[in-house]
Structures are given as C-alpha cells and as structure tokens.
Amino acid sequence: MDYQFKDIEKKWQRFWAENETFKAENNSSKPKYYVLDMFPYPSGAGLHVGHPLGYIASDIFARYKRLKGFNVLHPMGYDSFGLPAEQYAIQTGQHPAITTETNISTYRRQLDQLGFSFDWSREVRTSSPDYYKWTQWIFMQLFDSWYNNQTDKAEPIDSLVRHFEQNGSAGVNAVCDDDVLSFSAEEWKTLSYRDQQTELLKYRLTYLRESTVNWCAALGTVLANDEVKDGFSERGGFPVEQKKMMQWSMRITAYAGRLLSGLDTIDWPEPLKEMQRNWIGKSVGALVKFRMSDFQFRNSEKSDAEIPTSEIIEVFTTRVDTIFGATFLVLAPEHELVPSLTTAEQKKVIERYIAQSKKKSELERMADAKTVSGAFTGSYAINPLNDEKIPVWIADYVLAGYGTGAVMAVPSGDQRDYLFAKHYDLPIVPIIDIQNIEKEADPTKEGRYINSGFINGMNYKEATTALIAKLEEMGAGKAKINYRMRDAIFGRQRYWGEPVPVYFKDGLPYLIDEQELPLILPEVDKYLPTESGEPPLARAKGWGYHLASGKARGSAKVSPPIGGGDLEGAEPVVYEYELSTMPGWAGSSWYWYRYMDADNDDAFASKEAIDYWKDVDLYIGGSEHATGHLLYSRFWNKFLKDMNLAPEEEPFKKLINQGMIQGRSNLVYRLIDDLGRGTNTFVSHAFRNQYQTSPLHVDVNIVENDILDIKKFKEWRPEFENAEFILENGKYVCGFEVEKMSKRYYNVVNPDDIANRYGADTLRMYEMFLGPLEQSKPWNTNGIEGVFKFLRKFWKLFHDDKLNFSVVDAEPTKQELKSLHKIIRKVEEDIERFSFNTSVSSFMIAVNELTDLKCNNRAILTDLVVVLSPYAPHICEELWTMLGHQAGTLSYVPYPKFNPEYLVEDEFAYPISVNGKTRMNLNIPLNFEPSAVEAFVLGNADVQKYIDHKAPKKVIVVKGRIVNIVI
RNA sequence: GCGGAAGUGGCGUAAUUGGUAGCCGCACCAGACUUAGGAUCUGGCGCCGCGAGGCGUGGGGGUUCGAGUCCCUUCUUCCGCACCA
C-alpha cells in the first residue's frame, strides 16, 4: 500500500485517545520528567502555523523521554480568561463563556490533529470554577500573609498579630507600606478591630492601594497598557486619561531579592534572565539625609533626631563616594516636600514648572531627554558631611517613582547633573584626582579622592566603606539596596476574570469564608461598566456576601478570624463584594501545579502529587512573557514555598524560548493610471519599477514559490475576474515581505490546510526542519515537499516495488548497522541539546543511505522506527504494528542503544593541505602514527607536485583529522 | 543612549573541541521513464574563469601551521529597556 497519511493519522490519533496512551501516573518507579508548554489563550482566529512550533518541540522531547524510561508529565490546557472574549461579548452580547467554549473546541481539534502526546485527562481551564476556586484560594493565602525580612520569607499574618500583641510594632522588619504606625503592645490592644485591620492591610502581601490606571471615559472602562496607543484607545481611538483608583496590588517587591538571585540557579536563556534582571533593577547604594538649612527654617539648632521628617530630604545614591561633589539637590516635581520648600519669591516659577511638566505626556518627556529644564525652590539643604549649604531644585529628569524621588546632584560625575549645572550655572567640583571634566562629566571610580574631606586620598572601595560607616554613626544615612520593580497591580475593572474573594464592611476588605469558594462569576445583563462608572460586576443582581449569624452556614466565619468580636448574634447582612476581577496573569501564575492533580477538590493539588512532580523540568514558550508571566509565576511559587505548599524555590528548571514564526507576505503590483487610480492590470515583479504601480497583498495560499496562480487569483476576488497581467517568462512573479502573520496581510497559513495536504507527520518535521528552535523565522511553505518526500521514501524502505510490505529477517550488514547507529547517536545528541532541525536532516541522510543499500532488514528498520517515532509518531506507529508489534507499545519501548563499534573505521581520507589550503584527499590507515602518515603523504607523487619537490618547512599531522604541509 | 541576539550560495540552513566551508532540503538547469503530470529516478548547482586556477562565511585588522569558530575594531538587522540617581 502507498503511504496513506490521512488514514494512518486519523487511526492513531483515535487509538491514543481511546487507550489513554499518554496518561501519566502520579507514582511510578521510573524517574519523573515534567515537560510543559505555555498554555494558549484560545482566540477566535484559531491556530496558525506558528503556534505549534513550541508544542512540536516539547512533544518530541516528551516522547523521547518516555523512550528513555521516564515517567513523563506532558499536559495542556487553556488560559481562558481574557480581553478578546470580553470585547466580543460587549459587541455581541454573547456570554464570553460561550465564545471561549467554541474557541477551545477549535483549538482542541487543531491540536489533536497534530498528534501531540498530551495527557488530556489533566486539562485545565483558568476560567472554569473548579480551577479558579484555587486561584482565589491562593489570593486568600497572600492576603493572610506578610513578608518578614528577618526570616526572609512570607509568614502567616497571625505571626505578625502575635508580635504586635506582645511587642507592639518594635522589632518588626517587614515589607510594608510607608505609612505604618509605631505602637506598643498596649496601644495595639486598645485599637478597635477596624483600626487593627486597617493597620494589617499595610502589611498583607495583597493589599489595596491607590494606583493610576488608564481610564477611557468614552468606552467607560479601564484599559490595559497594550490597549493604549499614544494616549488613545487602540479600539475606537478615544482619549485615555490617567486616573487614580483604589486597586488591589501584590507585594511582589518583597521578593525582589530572591527573584534576582534565583536567576543564577536556573537554566534559562541568558537574554531572558537579563530582561528579568533589568526589570527588577537592583542598585546597591545608600540613603542619605540632607537637613534643611536655617536659611529657610528659622531655628535649626535641633539635632537630627528632633527634626521633623518634613525638614529632611532623603536621597538615594549609588555613588555615595561622590558626596563631597554634590553641589545641589534635585527633587521630582511631584515630591511631597516641594510645596513646603518653595519660598515665596520662587513660588510662581515652581508652580509654572510643575504645571508645564504635568502637561508633558510621557512620550514628550522621553523625546525631550536632551533638553535641560528645572526650577529653583529657593531653599537650601545641608550636606551632612561638610555642612555646606547647597540649593534645592526641582526637575523632571528626576522620577518620583524611583528611589526617594530626590537625588544629590554630582555634576562632576553624572552627565545629567553636569548638563543641569552648566545650564543653570551651578558649581562643578572635581572630586577625583584623575577626573577630566573639561567637556563632560567623568564617572570614573579609578584614582584618589580630592576636595573630599576625610576621604581624601582614599580609593573607591575604601571611601564607600568609610562614608557609610560615618553616615550610620551620624544617623544621617545608611547602606540601601533599591529596586526599580514596583508592586504589581492586581485587578481590572472587567467582567471576564476571576472574582476577588473579598467583601467590604465599613470600607475595609475581608476575605470570604474558604467554604464559600469558588466565588462564582455572576451573570450580568451587559458586559459594560455601570452608568456610575462601576465595573460590570456591579450589574449582577443580588450578588453580595451573606454573612450568616453564626449558624446559618455552619462554620461560616469572617476571615481573617482575628480579634473580631462584633459578628456575634447579628442578623444576616449582605455585604458588597469586590467588583473588580483578577488580571490575566492570575490564573497562569500557578497552573503547572494543577496539572499535577487536576481533579482535586480539597487542594490546589495534593501534597503527594506536588512532592512527586516537584517542578517543571522543561518549559517551552515565547519570550514575550519574559517580564510578565515568568516573573509572576516565580513570585507565586516562592510564596507557595514559604507557605510549605511547594517544595522548590524555582518552578521552571529549564526554559527555552521558541522563536517567533513571522509571516511571509506576497505582493502583486497593480498598474496605476494617470489619475492615480488602480487599474485591473498587474505587473510582474521584475518590471514593477518600469511602470506606475502600487503593491497589493495577495493571499499566500494562491502563490507557490512566488509564482502567482493566475486562475486562482481571478477567483480570489470578484473585481479581479478580468484582471490582465504583464508577465515575465510567461509567469507572474510576486514580490515578498516578512511581516507579522496576520489576516490583514493575507499571509496566514493554517495548520489544518498543511495537515490535510501533507499530513501531521510532515508538518511536525517541517516545522523542526525550518531551523533552530530559538530562532525567529518567516514561515515559507516552499520546501515542505522535501520532508514529505522523505517520509514516502522512509515508507518505501518497508515495501517492495509493488508497494507490498516486505522486510527480511537477516543478519544486518556492516554498512546498514553503520547508518543505523549514526542516526541513533545523532538523534540522541541532538534532542539533548534541543537541536531538532539537525536531526531531521540526519534522518534524511540515514534514509538516503539505507535506500541506496536497498535495506529492508527487520532489525535495522525496527530500531529506525523507534528513533524516528518522536518526530513522526503516526507513520511510525503504523509501521511498528506492521512489523508485528502490539499497537500502542511504541511509545514506551526503550530507545535503541548506541554501539560505537559499528562506526569504527580503519581508513580515513585525510585532507592534505599545503599552507592551509586543502589540495587533495589521501586514504591512509587510521592506525598509522603521525610520523608514518607524514612519510606516506610526502611519498605521494601528487603531493610532491604540489609542494614543487621542495623540502617542507614543517608538516602538521593531526591524527584522524588533517595533514598540513608548510613550505 | 544602554543591554542582548544575529549576519554563511538565489532561499531555509549545516559545520558539537580552532582542523576538508556549504551537509540536508527548496528553487533552478540538463537528462531518463512517460501520449506535456503538484508522480518517480539520474546528474549538475557558492562566485569568477573554456581551463589551469583564483576568490569566498557583513567590512577591516590580528593570533595560529590552520579561523565561519578565538581577539580587536567597524557596519547592518532584529529584540528588550529607556532620564533608574
């Protein structure tokens, strides 16, 4: 029989599904291996040919690991909450759950037809209540926790409460809001329950904070950053303004240090780690306090400890060693001290400057990076180390959100400060002997300090240490590590997301009872905000938290169950739920645990399952998630570890970014008439510049090797029915361009079409054949024929000329064994280093060789089927059963053992080079020692001709590699 | 501006430790079979040259018997960040 890929593929896909061939067990004597793909958002467009790239690679790896004797977990699911479904719902009124369901079935069908070895019994969907119950549960754990800097981990909030009860706020070293109170144990106990809760909220790992959001009044909704383009909504182009709103936030900054140091322990691509490092943005430096001078404040006879904070400017610097060169301070215009520092004379100037910088959009501020602007407050501060009075300015090059929002300006060492000083004629003091500040600032750390008081003569290291010690002694500063990263906003004013398991009482948030989980997303009449601007959930009728009087719901109680005594005996009351929903990254920040135990009703996954699978051994996905998903997931994982709910500090041991598959668009060139109108005549690529033409995208599916199928073109769109063409060599040649794969460029290639025409095995191998997995590349269907031909040739090895199955039981020949063992070794090496493209060409070489040898040896072909099966599983399963094996066993047979003996050669065709240039090859036995090789080579007549019978200066012989004669 | 990745035939790519540059395909050319094929097979295919030969891994320089690979320098493309104190 001929290679009937359609029948074969359908047959095996059904077999695998019916027999649950790839179901993984949660306990096994085999070692575990967890291969994970980044789960997709099921969009309405379905998969294009670029999406499965990573899935194919991970599937090959998973199948290979099974052959290597591992118990492999290879699951798939859907990140099914998200904006597109909601947007569609707003437009059509259709519930997003319905669109999501439809899209998921499309995805499932498309994934199934590619022959992936997923364990579908573990499928997860983030939008399913069984799943988001546990997303909500983890949120609750975060709410009930604080970060203890002393133990460097998160702890239950109870431990903080106990500390407050025993010692008050003294000795607490926590990651918390800036405005926490200082109190004694007694004072704490006298606080009302509500006041206690208010205070605790400042410590919780998820907390309420006033944050700025993108508010679009016309759409009546909050937009995500990527929905805003240059201050206007991407959809509709309505103006977007920054608006302050109370938002849920996650105290991810508590984990900044661990998120950074953990990067050194994981095998991820270096660029991606670098992105996370930049995002976290650690800088080591010092906080320094500058007292305000008596110039502004009448009495400054006070010691530092007595000075109210409003009279101290705190700056963060990474170069505390340059402090003697600080000739002025600069505050961000938004800095809270600016109004009190501004003198009456300067008030107008300052106010004008603030107004002006507020007007600037972020874009303008960026474009404006080179212009210097600022304003003097009229006040002076005192440098704590030399008591010099220096002026305080404001300028928008200082960002309110970074560090303390204030800098000490050292114009000799910092270019921005230098430009500022030049512009406003402020002093520039050199502080290092070798510093050259003629034309620009010199940030050198080499040399010795000058003009720098007690650090004069010291080097950088000595000075830094001495200064920090001195500042600490004076109480005027301390060493400080600062991070660029900010706490993450954890809420959206949207419908299609996880409801936040929180209700409000007296304006304070409380967790709902754990028994009430999941808090189901309610039905609403419209998916838009209310007229008063509240999120869509405000439309849900009768949706509120029914706090029982203690009996009605059994153990129903308010969480946190701390200190509250005012709930007893009350009538059931309905409290308002939180109306925002969780952001897109909530559900994806822990999903790999759910796969371990997807049906568990009692826990997000059982302890046994988590202890068995532990972490993800291989994670494949796109680099676009570098600072989003991959950072949040690491954060939640560390938190779960602190709570003893997860065993490993890092969730993804090894990670690979598959490259993006770009689109390759085809263009036709339409002739333009004198009036600039498009005609119905099209000019072939070579002649496009000889006429007035305009390029037009054409569907890549009616173009082959850049030759336009004219007949299909005429059918493509009615207006082209009578199109005329100016051809080259009788053909219409299209131009091409590499751009995003998108409907509007008509360059989308659908995997369904390819699978229909060539089969899934061909598609899988071709996607790998395109090039290295990590590399981005344009999709070009040209070339797929080569892979298709290869599979047919492979099929033919097992069949005679009449296409009857025909293999022989005989002793394999030496050459057959050599071909086989070359590929056994090669594929093993390639897969281990994720070089899938090179395996495919090696398979081609092996099959070419075996075809030339007319090999139909059963032993050889049996092993070859196993080696190829991770790449082309369907055809291999079919041949495997034809070879007489039981159906379905192929996935778990041992990978063939490589035997190096079969590759041993006794002769080698040495390349003979003269002065580094290869001239010929000579067959020389491999057991010849270098001296014998040299003698043999120099004895050769052709060699003598090349070296002109002269005595060589030197002969280099690398055994088994090369001979180089130097003359 | 800073950080990262990458530049090899007409195209996708290969060369795993410094050791024959272009494997394997696509496209193309020639041929075989075939009453003109989206079939199969054979041969050719980096560039210049009839050939001998010369030149070739973005450009320039260096180390080495030998460099796509190592070092310096420079250009280009892509990605990320963007006044970060």
Side-chain angles (χ1 to χ4, degrees), chain A residues 2 269-275 277-279 281-283 285 315-319 322 330 332 362 365-366 368-372 395-399 401-410 413-417 419-420 482-484 623-624 626-627 657 659-660 662 664 704-707 736 738 757 766 769-772 774-790 792-793 796 826 829-830 833 835 837-845 848 909-921 952-958 960-967:
Chain A
D2 204 357
E270 202 46 52
L272 197 140
K273 288 202 215 176
E274 203 53 39
M275 271 191 238
R277 285 192 193 105
N278 289 340
W279 187 265
K282 176 179 178 172
S283 25
V315 304
F316 175 73
T317 175
T318 53
R319 290 293 303 274
T322 63
V330 189
E362 237 168 82
R365 256 172 98 151
M366 277 195 290
D368 233 20
K370 290 272 140 38
T371 10
V372 176
D396 58 13
Y397 78 83
V398 176
L399 307 175
Y402 184 77
T404 60
V407 302
M408 60 176 214
V410 183
D414 182 287
Q415 186 58 20
R416 288 158 318 175
D417 297 345
L419 291 173
F420 196 84
N482 195 46
Y483 294 98
R484 193 187 75 113
S623 61
E624 66 272 23
T627 49
N657 290 131
M660 237 211 318
Q662 294 139 309
R664 186 181 187 277
E704 199 160 321
N705 289 318
D706 292 336
I707 309 293
F736 74 89
V738 173
R757 189 157 149 194
Y766 185 59
F769 188 62
L770 279 178
E774 294 95 326
Q775 203 168 296
S776 286
K777 54 233 160 191
W779 176 268
N780 190 348
T781 309
N782 302 341
I784 197 168
E785 291 284 348
V787 173
F788 188 51
K789 265 187 222 166
F790 155 75
R792 277 184 303 193
K793 217 166 164 181
K796 277 188 194 158
K826 177 75 171 151
E829 284 173 357
D830 283 352
R833 66 191 172 103
S835 174
N837 56 323
T838 48
S839 291
V840 179
S841 25
S842 303
F843 279 126
M844 291 176 175
I845 294 169
N848 287 347
Y910 277 89
I912 311 300
S913 47
V914 179
N915 288 339
K917 276 209 181 315
T918 310
R919 294 300 178 179
M920 64 177 92
N921 287 66
K953 274 199 201 124
K954 199 171 171 187
V955 178
I956 287 120
V957 177
V958 183
R961 286 265 187 204
I962 202 168
V963 178
N964 190 15
I965 304 167
V966 187
I967 52 167

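Because the structure is predicted, anything quoted here is derived from the model rather than measured. Because only heavy atoms are used, hydrogens play no part in the values below, and waters and symmetry mates are left out as well, while side chains stay in. Residue numbering restarts at 1 for every chain, and letters A, B, ... go by the order of the sequence lines.
Side-chain contact annotation: A:D830 with A:S839, donor-acceptor N/O pair under 3.5 Å present. One side chain, A:K793 or A:N848, offers a donor N or O that lies under 3.5 Å from an acceptor on the other.
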Give every pair of a protein N or O atom and an N or O atom of nucleotides 39-45 of chain B that lie under 3.5 Å apart, one pair per line with the distance.
residue: B:U40; atom: OP1; partner: A:R792; partner atom: NH2; Å: 2.9

Output a table of nitrogen or oxygen pairs between the protein and nucleotides 65-69 of chain B separated by less than 3.5 Å.
residue: B:C65; atom: O2'; partner: A:N964; partner atom: ND2; Å: 3.1
residue: B:C65; atom: O2; partner: A:N964; partner atom: ND2; Å: 2.7

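With P as the reference atom, B:C24 and B:G46 are 13 Å apart, rounded to whole Å.
Taking every side-chain heavy atom of A:R416 into account, B:A85 is the closest of B:U20, B:A85, B:A15. Between B:G25, B:U16, B:A85, one nucleotide has an atom nearer to the side chain of A:D830 than all others, and that is B:U16. Nearest nucleotide to the side chain of A:M844, out of B:A85, B:C24, B:U20: B:C24. Comparing B:G25, B:G80, B:A21 by their nearest atom to the side chain of A:F769 picks out B:G25.
Note on A:E829 versus A:K826: no salt bridge recorded, every NZ/NE/NH1/NH2 to OD/OE distance being 4.0 Å or above. Salt bridge present: A:D706 and A:R664 bring a charged side-chain N and a carboxylate O closer than 4.0 Å.
Judged by Watson-Crick or G-U wobble contacts below 3.5 Å, the nucleotide B:A27 has no partner. Here B:A5 sits opposite B:U77 as a Watson-Crick or G-U wobble pair (both hydrogen-bonding atom distances under 3.5 Å). Base pairing of B:C65: its partner is B:G19, meeting the Watson-Crick or G-U wobble criterion (both donor-acceptor distances under 3.5 Å).
Residue contacts shown for A:P778 are absent, as no nucleic acid heavy atom lies under 4.0 Å away. At the heavy-atom level, A:Q775 lies under 4.0 Å from the strands shown only through sugar-phosphate atoms. A:K282 comes within 4.0 angstrom of no nucleic acid atom, judged by non-hydrogen atoms across all strands. Using a 4.0 Å heavy-atom criterion, one finds that A:R833 contacts the bases of the nucleic acid, with or without backbone contacts as well. Counting non-hydrogen atoms under 4.0 angstrom, A:N482 reaches nothing in the nucleic acid.
Sparse packing is recorded around CE of A:M660, with 12 or fewer heavy atoms of other residues, nucleotides or ligands lying under 6.0 Å away. The number of heavy atoms from other shown groups lying within 6.0 Å of CH2 (A:W779) is above 12.
Of the side-chain N and O atoms in A:S776, none sit less than 4.0 angstrom from OP1 or OP2 of B:A5.
The two atoms that bring A:V963 and A:Y910 nearest to each other are CG2-CD2, 3.8 Å, heavy atoms only.
If you find the closest nucleotide of RNA chain B to A:S842 and to A:D417, the one lying nearer the 5' end belongs to A:S842. Positionally, the nearest nucleotide of RNA chain B for A:G783 lies more toward the 5' end than for the other of A:G783 and A:A406.
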Derivation and outcome, side-chain hydrogen bond (donor to acceptor under 3.5 Å, both in side chains), residues A:S283 and A:N482: CA-CA 5 Å; A:S283 25; A:N482 195 46; 4.7 Å; no

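One can place CD of A:E270 at 17 Å from P of B:C81, the figure rounded to the nearest angstrom.
Annotation: cation-pi pair A:R416/A:Y397 absent, no NZ/CZ under 6.0 Å from the ring centroid and within 45° of its normal.
For A:Q415, there are no side chain to side chain donor-acceptor pair (under 3.5 Å) partners two or more places apart in sequence or in a different chain.
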